[in-house]
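These notes concern the structure reproduced below.
Just so it is clear, the values below take in all heavy atoms, side chains as well, and ignore hydrogens, waters and symmetry mates. Every chain is numbered from 1 and lettered A, B, ... according to where its sequence line falls, protein lines coming before strand lines.
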Amino acid sequence: MSNYTEIEKKWQNYWEDEGVFHASNDSKLPKYYYLVEFPYPSGAGLHVGHVRSYTALDVLSRKKRMQGYNVLFPMGWDAFGNPAEQYAIKHHIHPKDAVKENIKTFKSQIQSLGISFDWNREISTCDPEYYKWTQWQFIQFFKSGMAYKAKKDINWCPSCKTGLSNEDSTGGVCVRCGTKVVQKEKEQWMLKMSEYAQDLIDGLDDTIFEERIKTAQVNWIGRSDGAEVKFKLDNVDDNLTVYTTRPDTLFGASFMVIAPEHPILSKYKDKIRNFDEVVKYQDFAKSKSEFERVEMNKEKTGVKIDGISAINPVSGKVLPIFISDYVMMNYGTGAIMAVPAHDQRDYDFAKKFNLDIVQVISGGDISKEAYTGDGVMINSEFLNGTDNKKDAINKMIEFLESKDIGKRMTNYRLQDWIFSRQRFWGEPIPLVYCDECGWVPVKDEDLPVLLPDVTEYEPTDDGESPLAKIESFVNTTCPHCGKTARRETDTMPNWAGSSWYWLRYMDPHNDNEFASKDALNYWGKLDFYNGGMEHATRHLLYARFWNQFLYNQGLVPNKEPFNRRVAHGMILAEGGVKMSKSKGNVINPDDMVSSYGADALRTYEMFIGDYEKEVAWSEQGLNGSKRFIDRVVRIGEKLNDNNGYTSSIESLIHKTIKKVTEDIDNMKFNTAVSALMILLNKFEEISSISKDDYRVFLLLFSPFAPHICEELNSKYDLGEVICKSNWPLYDEEKTVDNEKEIAVQVNGKVRATIKINVNDSNDIIEEKALAEDNVKKHIEGKEVIKVIVIKGKIVNIVVK
RNA sequence: GCCUCUAUGGCGGAACUGGUAGACGCGCUGGACUCAAAAUCCAGUGAUAGCAAUAUCAUGUCGGUUCGAUUCCGACUGGAGGCACCA
């Protein structure tokens, strides 16, 4: 039995031939839908991190099936997008072929692990049968006015030569290649995601995501509550509206700052005497990426607008207006009231430009820095004396609303989703531009808009999609009027295909709809979705937004797509550093499978530690799991002919069933494996074990090490094949010990242990405790104040 | 700066609702088997003192609540993640 590879292959073939992992769409059994994020089929192949999450969900799925559920556990490929395209360009092959090759590798790697995916439902986002429906859904966005084209400064990656969403340019660098992002003006398709900001926050209440995931989402959406306030301009009949979270400090507003792109500048160009200087500053601001603007936060810069000023609506003071790049056009109104006494940035600016600093909240030392703490309102007329922020804010808002110069306002950092990419390898946006009819969606029957089969797909320098160069693709007729028209040549971001893929798994071969109503209703909400923390914001928000939109269109039955979301911890290299090609410390799962076997690798990765935490790889640890499996095999030589569980270990067996069952449910895979190790240790202690002992062990261990458990079960003819067997049950009564050893403490320190019976009264327990020599020694000559007996747990004798 | 999480032997990690801290595994030490090694098996393994029984200390630091705290509360320190000139 030394050749694990052969055994593994044998059972993988058996499972496939028997179709035991195929989910049914019309089953009487209760359903359960497990999903693990599908991978980018990059050239690097499978990572041991994939093995961790796939195995974890495989353990859950296999157990759930044995417990009588109709389990959907699918797998597919997130095949569009930059990684695949970069790989193709580098290796001079068509992305389509590159992806095909990579998928082949990935799939065989995954299959060698024995993960119980339902391969009948395999999908790939770059498959026309799939992206037809991605395009169709985009058209629904378009038709409902949720998709629009806007000229805007976008984050541009000069290396990937494509526009990036804010989500993809985190930290001012392209998340794909790490190149510094610059600003570039471009017409882009946008999805109105910002409209869903509040729904995306509220919807979290209907999920059971891990707290850290919820927090990440809420932070990303970035809700803030405050007020909009209108400031009259003093020499033109117009207002400048600002957004503030601190309307209570309005009396302290001593100047205004607007973003360099603020429209008021061009509007009153003629009134602005130093417009040259303004333009110069605008150019200066534009030359920096958004991130640089934010990053260079030490020294404030700006230009005072000479020609227009504003009036503080409560104090009546005339306030100078500045432009400065610390105010962003894309948040709030692009204008702020500056309260230098109580805001550090405004304070810095005021110091630099020598502006008034008016304190309106008592406390702190305004001569040194802005005071952002709480205090009693001063210099604020009707607010004077108010001693807390909340009341002051409310009073001010009431005042503003009564005078119609302001109103309560909530703002979100979440912006609309930039949905255009100037790349080849993505879903073509299925729209046509007609000079007469404008933007018109491609007719349903003409979907999918196929990517042309060409050899030129490298990005261009001018910011146009490579598709723009392909005449046969671009030139078409208007679906509306039939005249000549041009196709949109931008493609969708690679987040598009992953924003709805779990729905396709429900009905993957449907030619008429993205999924049938029946399938959508039957599978409903995804019960359990696993993915990396790196997707806790972007992917998860896009997917929830997309689903909420489909829900509002009446196309899916649930507003929230995912019930429970869990994130696995990363696996680091030995020594606790990240695995990377450049460091040469990447562990290839294939090597591990061939040296130790898939079962050992799976067991090790489940035993390695807390599933949600990152953990360092240890090949010695993996070898330990292999040793454990070898022992499981060897114990088969100790089988006897007895029936039932061996009486001396019966209680332990029931306890182990309970422990393993509960631990798997709670994703405490490490302690589940440890419970099995304890049971095996016991098997080795006793002279022989019964077939039932062995069989129940193999059933419990099978989700972790399915191949060897099937093999041993079959070799010793212990019963039905495990994949078709029921999960073992335990008898609660038999998990309780009649006799127990408990500790006896004197003043909280353990001095002895005593054996007690569950039926012993407190008096008897106390008597036993006091009879212990070491206990006597420690209470000798002291006064016993009280004796605390906690049944079945502990005795504590308090002495003085 | 704000938000969330986290801290236990040489290492990964256990510990039910506050009740014998260190399960299980790795590593290490000694032994058996072997000509030898590997594999396997047996014993030991938080620190200090002791032949031992046992005692003292010990769950990031300092306090608090409690008969009893890894667990609850407060403050601090370190680490991870999210957000960030966001008004």
- Given that Gly334(A) and Ile678(A) both sit by RNA chain B, which one's nearest nucleotide is further toward the 5' end?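 Its nearest nucleotide being more 5', the pick is Ile678(A).
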- Message: By nearest heavy atom, map Glu741(A) and Val615(A) onto RNA chain B; which one lands nearer the 5' end?
- Response: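 The residue whose closest nucleotide sits nearer the 5' end is Val615(A).
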- Task: Go through the N and O atoms of the side chain of Asn796(A) and the base of rC67(B), and report whether any donor-acceptor pair is under 3.5 Å.
- Result: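 Such a pair exists between side chain and base.
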Pick base, sugar-phosphate or nothing for [X], based on heavy-atom distances below 4.0 Å to the nucleic acid.
X: Gly624(A); answer: sugar-phosphate
X: Gln745(A); answer: base
X: Ser224(A); answer: sugar-phosphate
X: Ile608(A); answer: sugar-phosphate
X: Asn670(A); answer: sugar-phosphate
X: Asp346(A); answer: nothing
X: Glu210(A); answer: nothing

Can you tell me if [atom1] on [X] sees more than 12 non-hydrogen neighbours from other groups inside 6.0 Å?
X: Glu741(A); atom1: CD; value: yes
X: Lys638(A); atom1: NZ; value: yes
X: Lys407(A); atom1: NZ; value: no

Give me, pair by pair, the N or O atoms of the protein and of nucleotides 51-56 of chain B that are less than 3.5 Å apart, along with how far apart they are.
from, atom 1, to, atom 2, distance (Å)
rA55(B), OP1, Arg751(A), NH1, 2.9
rA55(B), OP1, Asn774(A), ND2, 3.2
rA55(B), OP1, His778(A), NE2, 3.4
rU56(B), OP1, Arg751(A), NH2, 3.3
rU56(B), OP2, Arg751(A), NH1, 3.0

- Query: Should Lys214(A) and Glu211(A) count as an ion pair when the cut-off is N to O under 4.0 Å?
  - Reply: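 A salt bridge is absent here (no side-chain N lies under 4.0 Å from a carboxylate O).
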- Item | Within-4.5 Å side-chain heavy-atom neighbours: Val632(A) and Leu676(A) |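 Of all side-chain heavy-atom pairs linking Leu676(A) with Val632(A), none is under 4.5 Å.
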Checking base pairs now: Watson-Crick or wobble, both atom distances under 3.5 Å. What partners [N]?
N: rA84(B); value: none
N: rU17(B); value: none
N: rA55(B); value: rU48(B)

Please state whether the phosphate of [N], meaning OP1 or OP2, lies under 4.0 angstrom from any side-chain nitrogen or oxygen of [X].
X: Asn681(A); N: rG25(B); answer: yes
X: Arg627(A); N: rG27(B); answer: yes
X: Arg212(A); N: rU6(B); answer: no
X: Tyr331(A); N: rA87(B); answer: yes

How many whole angstroms separate atom [atom1] of [X] from atom [atom2] of [N]?
X: Trp617(A); N: rC26(B); atom1: CH2; atom2: C1'; result: 14 Å
X: Lys793(A); N: rG18(B); atom1: NZ; atom2: P; result: 9 Å
X: Met329(A); N: rA87(B); atom1: CE; atom2: P; result: 16 Å
X: Asn747(A); N: rC67(B); atom1: CG; atom2: P; result: 11 Å

- Item | Trace of the side chain to side chain donor-acceptor pair (under 3.5 Å) decision for Tyr281(A) with Thr301(A) | CA-CA 9 Å; Tyr281(A) 188 81; Thr301(A) 59; 2.6 Å; yes
- Query: Looking only at atom P, what distance separates rG13(B) and rG31(B), rounded to whole Å?
  - Reply: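 Result for the P pair: 33 Å, nearest Å.
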- Message: Roughly how many Å apart are rA21(B) and rG9(B), using the C1' atom of each and rounding to a whole number?
- Response: 11 Å
- Query: Where does rG68(B) land, syn or anti, given syn is within 90° of 0?
  - Reply: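 Anti, angle beyond 90° from zero.
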- Query: How far apart are the closest heavy atoms of Lys613(A) and Arg52(A), and which atoms are they?
  - Reply: O-NH1, 3.0 Å
- Could you verify whether a donor N or O on one side chain and an acceptor N or O on the other, from Gln415(A) and Tyr331(A), lie under 3.5 Å apart? no
Under 3.5 Å, which N/O atoms of the protein pair with N/O atoms of nucleotides 70-77 of chain B?
none

